[in-house]
Amino acid sequence: MELTRKGHDAFKHFLGNTLALCIAISPDPADAIPLFNRYKKEEAKNEAKGKRQGEMYDNMRAGELVLHENIQGNPVFFLANFLASVIYRIKH
């Protein structure tokens, strides 16, 4: 019985520490607002110029293109990419 209680306590500590770590390293949503605003300004500027998404990719520097592709293919962002693709299919 004592072994089970110790195992249960160890699991609670592990779970609590994992949750605390996730909270500590998670990005602040307030940091995303300026990025979103900058993205919207760039999007409006591209629409005013009449640029399409393909042209935008063609004009990207090689480093930006590689970073963009790595983020899209990163397994860490699987759920975010899946949700984005669902939203894209609904809107288009």
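A search for side chain to side chain donor-acceptor pair (under 3.5 Å) contacts involving Arg89 returns nothing, not counting sequence neighbours. Applying the salt bridge (Lys or Arg N to Asp or Glu O under 4.0 Å) rule to Glu55 yields no partners; only residues at least two apart in sequence or on another chain are considered. Among residues two or more places apart in sequence or in another chain, the side chain to side chain donor-acceptor pair (under 3.5 Å) test is passed with Lys41 by none.
Applying the 4.5 Å side-chain rule to ILVMFWY residues, one finds Leu83 in the same cluster as Ile87.
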